[in-house]
Amino acid sequence: MSDLPPDLDRLRTLETWLALSLKRVREEIAAAERPAQPRRSPRPPATGRAAVPRRERTPDWGISSAGIGAPVAEIHRGDCFTGGAMQPLSAERAQAELADGVQPCGVCRPDRVLNRS
């Protein structure tokens with residue numbers, strides 16, 4: 001008995017997710033293998049409280065490039081797990097890209113939200 005989904009759509013989604021995950025792992029390996037950059041000594045916080053590192057804001061919309069496991073570029077919601085490394089887009093730009101024929105992600109379906117506006 002296989003632990004994989006039986007239908008082609010879910011198998012393609014899984015393939016895309018695995019390809020993007022492998023790409024991220026390879027990028028982390030490459031970053032770890034680069035020579036270490038000299039570190040600056042940390043400055044004490046101005047208020048006396050420990051500084052909390054800021055997390056980069058998740059974009060509302062993004063476009064992923066075509067590549068391994070992704071034969072075409074796709075528009076995604078910013079929080080889509082299949083998006084991988086996306087170029088952030090405004091809602092207007094994402095709508096324009098969809099109108100120009102860029103495919104919407106089959107998982108997060110940004111076209112359902114963007115086409116209502």
Side-chain angles (χ1 to χ4, degrees):
M1 180 177 228
S2 176
D3 60 341
L4 297 174
D7 60 298
L8 183 59
D9 287 344
R10 287 188 285 175
L11 286 169
R12 290 284 186 209
T13 300
L14 183 59
E15 176 188 42
T16 300
W17 182 81
L18 289 170
L20 293 170
S21 295
L22 181 59
K23 179 183 174 195
R24 289 180 51 212
V25 168
R26 287 181 174 159
E27 289 171 352
E28 288 296 321
I29 289 170
E33 290 176 341
R34 283 188 214 115
Q37 299 292 326
R39 294 185 179 184
R40 292 186 250 159
S41 59
R43 286 189 263 165
T47 62
R49 296 172 52 185
V52 176
R54 299 241 175 209
R55 189 173 149 199
E56 193 173 317
R57 184 181 172 279
T58 302
D60 293 332
W61 310 101
I63 186 167
S64 63
S65 300
I68 298 173
V72 295
E74 291 183 327
I75 302 294
H76 298 270
R77 290 183 181 198
D79 60 352
C80 180
F81 73 93
T82 66
M86 293 186 287
Q87 177 184 357
L89 297 176
S90 66
E92 294 79 19
R93 180 68 186 174
Q95 286 173 325
E97 292 289 342
L98 288 169
D100 288 344
V102 176
Q103 296 296 310
C105 172
V107 175
C108 67
R109 296 305 307 256
D111 53 324
R112 290 182 178 171
V113 176
L114 290 168
N115 290 340
R116 280 191 228 155
S117 308

Closest contact, heavy atoms only, H76 versus C105: ND1-CB, 3.2 Å
Heavy-atom closest pair (D111 atom, L98 atom, distance to 0.1 Å) is CA-CD1, 4.0 Å
Kindly give the heavy-atom pair with the smallest separation between L89 and A94, and that separation in Å. CD1-CA, 4.0 Å
When you check the gap from the basic side-chain N to the acidic O, do R12 and E15 get nearer than 4.0 Å? yes
Answer with yes or no whether the hydrophobic clustering places M86 together with V102; edges join I, L, V, M, F, W, Y residues whose side-chain heavy atoms lie under 4.5 Å apart. no
Would you check, one step at a time, whether the test side-chain contact (heavy atoms from CB on, under 4.5 Å) holds for R77 with W61? CA-CA 5 Å; R77 290 183 181 198; W61 310 101; 3.5 Å; yes
Exam field: side chain E74 to backbone S64, donor-acceptor pair closer than 3.5 Å: no
Given the rule that I, L, V, M, F, W and Y join up when any side-chain heavy atoms are under 4.5 Å apart, are F81 and L11 in one cluster? yes
Could you pull out all residues at least two apart from L14 that satisfy side-chain contact (heavy atoms from CB on, under 4.5 Å)? L4, P5, W17, L18
Value for CZ (R34) from CD1 (I29), rounded to nearest 0.5 Å, stands at 12.0 Å
Rounded to the nearest 0.5 Å, the CZ atom of R24 sits from the CG atom of L20 at a distance of 9.0 Å
Would you mind checking if E97 and R93 are paired as a salt bridge, meaning a charged N to carboxylate O distance below 4.0 Å? yes
